[in-house]
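In the text below, chain A, chain B and the rest are named by the order of the sequence lines, each starting its count at 1. No hydrogens, no waters, no symmetry mates; every other heavy atom, side chains included, goes into these values. Since the structure is predicted, the reported quantities are computational estimates derived from the model, not experimental observations.
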There are 2 protein chains.
Amino acid sequence: MMEKEITIYDLAKILAISPATVSRALNDHPAINAKTKSLIAEKAAELGYRSNTFASHLRTRKTNTFGVIVPRLNSNFMSTVLAGMEEVANNFGYNLLISQSLESEIKEQANARTMFNSRVDGLLVSVAYDTESFEHFSTFISRNIPVLFFDRVMDHPQCGTVVIDNEQAGYDATSHLLDQGCRRIMHVTGDTRRNVYAHRLEGFKRALAGQNLPLDNQLILQTDLSQEAGRMVAAQIDQMQEKPDGLFIANDLCAAVCMQALKEMGHLVAADIAIVGFNNDPVSQVVSPQLTTVYYPGYQMGKTAMTTMIGQLTGTKSPDNSEAIILRSELIIRRSSIRVGDF
Amino acid sequence: MMEKEITIYDLAKILAISPATVSRALNDHPAINAKTKSLIAEKAAELGYRSNTFASHLRTRKTNTFGVIVPRLNSNFMSTVLAGMEEVANNFGYNLLISQSLESEIKEQANARTMFNSRVDGLLVSVAYDTESFEHFSTFISRNIPVLFFDRVMDHPQCGTVVIDNEQAGYDATSHLLDQGCRRIMHVTGDTRRNVYAHRLEGFKRALAGQNLPLDNQLILQTDLSQEAGRMVAAQIDQMQEKPDGLFIANDLCAAVCMQALKEMGHLVAADIAIVGFNNDPVSQVVSPQLTTVYYPGYQMGKTAMTTMIGQLTGTKSPDNSEAIILRSELIIRRSSIRVGDF
DNA sequence: GTGAAAGCGCTAACAG
DNA sequence: CTGTTAGCGCTTTCAC
């Protein structure tokens, strides 16, 4: 049943050559005769030889594995990013060790420790809601293991980042609502310790300021952007004396639920209240009216992050030469926010 | 900058004891004095010692890592399953090596090879659309590495499976439509080489047969269940002479898009055509009308699969004692299929 | 309860 | 172009 594992020593003995030659041949070392190479490769295949990566890693101190820490796996955006990362990593012969922080810094620290102990060659992180400290990443930095943040990033001189221009996206979304004649716009955001939400909020503010509109703090709601939050926002709007005529929610699923709830309460989407979401989640296309949103290039972000990481590791880029890559995002205008013609 | 890695030899030297004792203490070996244990643990923590997993794996031939191969990472269902797996694995100190087959058997084989070379302790797989051969998994079996299938499974005497009762779910969904008075029900399915689609179809057929309704092959559409497919199905229905009055689509996102398209073409959902989806994707709750669907316990499936795998590995279950675990799924009735009252 | 010593399978000087 | 040799850091018999 249990077949015996065959090693380079077995191959060496059978072929009457040295293990070193076998090792070199298998690694396609230039100094080895092409004939011996193919001879060895053949025999290896025949006997079902597989390299013992641990022995190899033990020597080389490289694992060919990247750690990835994300807040949650089960969001459309994140799984799209991961899909992009996986594709690139796979092409370059790297593996991915994936774990989720479940939006908790504590868990994130534990994940980071596991990654560290697993001796990943590099770490890609999108931080949790409540992460404050950089501490759990500094162990990597001090051992020269590259750390790259994507989407929800931390600011650190030695870490690259891959993001979209959230400020501009927030500005565009808000400006669109202003263009539609909205004058009382509510913004539903997440934890503003996170760049993605903070910057969207800044963009929101800049757009209002551009029209000399006052900033009403009552109209800025910090939530967890869950579906539940969407329902609560709708209930709150329903109760308000002076209702907003525009609504910019930093997450599609939350926005979709909120829109649904508002409709049930008798509000007319677009006419009464124009709505813009964020992410271009599949959900945004199947709600009615279809949801105006910001296209968020998740797959591209994953590919870019991984490419950057590999580039850094293979020395194309110096490891302490951090860089910030900004991907293009784009406002997608759909029916939920079209009011022109109502005037 | 680059801190030196500290080993059990360093600890041994500093504490003037043998490396063997350090190793045993760190692994909580019973034969070691509690005092020496804590002394060693303390020093280890102080110096930032981390176990070199490769050296350890090289000796023990265990990796504490499971491989997971899924068709795609970026589906709500799959990422939910993965989230469940990750939680359990993490609790038991295992890591996850995740890769996607992108619905291609070729890629799946490559993934399996990588997993094999990475010497995963076990493999969890949900197979691709077009997978026919078991070949790429038999290498695992012959080396006694447990292989467990979940959701999209293969039949093999030595592999456990975790699934829902797709036949029953298909039956329930169809029966519900029949209960609503539908007599001409269309079923949109995926590749019927896959158990999940084949069984739902069987349930569909059984429900019709229970009412002595004829089986019209024109009303069974095999598609890839994409959003695009949803649009095509709607177009096709729109063109039909005798239109179906019920529609059972084996995927929520596809169903949601189809429903949307039908509405735009002027068809009345529920009244003209009652619709049932599958998966309880978030999308199903935000479309209007809300979509009747089958709740698919993804998180639970991930947890169960992982628990089973770990149980098998730790010897609770004999490895060649395959088992089939069937999780409960549940029809969730919403507005898209309610016609009672229209008569 | 602790130590000595061998070896897991591979790679990389170094030597020829 | 190929071989010799010495570890990588850990676990684990076998002693004491």
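Screening residues 113-132 of chain A for salt bridge (charged side-chain N to carboxylate O under 4.0 Å, His left out) gives A:K62-A:D121, A:R119-B:E5, A:E132-A:R193 as the qualifying pairs, with residues at least two apart or on separate chains. The list of salt bridge (charged side-chain N to carboxylate O under 4.0 Å, His left out) pairs with a residue in residues 67-77 of chain B, not counting sequence neighbours, is empty. Within the structure, every pair that satisfies the salt bridge (charged side-chain N to carboxylate O under 4.0 Å, His left out) test and touches residues 78-90 of chain A, not counting sequence neighbours, is listed here: A:E86-B:K107.
Separation of atoms CG (A:D151) and CZ (A:R194) is listed at 10.5 Å; rounding is to 0.5 Å. Atom CG of B:L73 sits about 6.5 Å away from atom CD1 of B:I98, to the nearest 0.5 Å.
When side chains are defined from C-beta on, B:L327 counts as touching B:V162, because their heavy atoms get closer than 4.5 Å. Looking only at side-chain heavy atoms (C-beta outward), A:F150 and A:V81 come within less than 4.5 Å of each other.
When the local axes at the two ends of the helix from C:dG1-D:dC16 to C:dG16-D:dC1 are compared, using 5 base pairs at each end, they differ in direction by 30° after rounding to 10°.
Atom CD of A:E135 has 12 or fewer neighbouring heavy atoms from other residues, nucleotides or ligands inside a 6.0 Å radius.
Residues of residues 53-62 of chain A having a heavy atom closer than 4.0 Å to DNA chain D, listed by number: A:L58, A:R59, A:R61. Remark: B:A20, B:S23, B:R24, B:N27 in residues 14-29 of chain B come within less than 4.0 Å of DNA chain D through at least one heavy atom.
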Practice item. Apply the test ring-ring contact (aromatic ring centres under 6.0 Å, His included) to residues B:F137 and B:H156: give CA-CA distance (whole Å), side-chain angles for both, the deciding distance (0.1 Å), then the verdict. Key: CA-CA 10 Å; B:F137 301 123; B:H156 186 96; 9.3 Å; no

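Nearest-nucleotide assignment on DNA chain C puts the 5′-proximal partner with B:A31, out of B:Y9 and B:A31.
Taking the salt bridge (charged side-chain N to carboxylate O under 4.0 Å, His left out) definition, one finds that A:E103 meets it with A:R152, sequence neighbours left out. Remark: A:K303 engages no residue in a salt bridge (charged side-chain N to carboxylate O under 4.0 Å, His left out) (not counting sequence neighbours). Qualifying ring-ring contact (aromatic ring centres under 6.0 Å, His included) partners for A:Y299, counting only residues two or more places apart in sequence or in other chains: none.
Protein chain B touches strand DNA chain C; the 5'-most and 3'-most nucleotides with an atom under 4.0 angstrom of its non-hydrogen atoms are C:dG1 to C:dG9. The span of DNA chain D lying next to chain A, judged by atoms under 4.0 Å from heavy atoms, is bounded 5' to 3' by D:dC1 to D:dG9.
Ring-plane geometry between A:Y94 and A:F66 is classed as parallel, the angle between the planes falling under 30 degrees on a 0 to 90 degree scale with a further cut at 60.
Under the 6.0 Å distance and 45° angle rule, A:R50 counts as a cation-pi partner of B:F116.
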Under 3.5 Å, sequence neighbours excluded: what are the donor-acceptor pairs made by side chains of residues 20-29 of chain B?
unit_1, atom_1, unit_2, atom_2, d
B:T21, OG1, B:S18, OG, 3.2
B:N27, ND2, B:S23, O, 3.1
B:D28, OD1, B:K37, NZ, 3.1

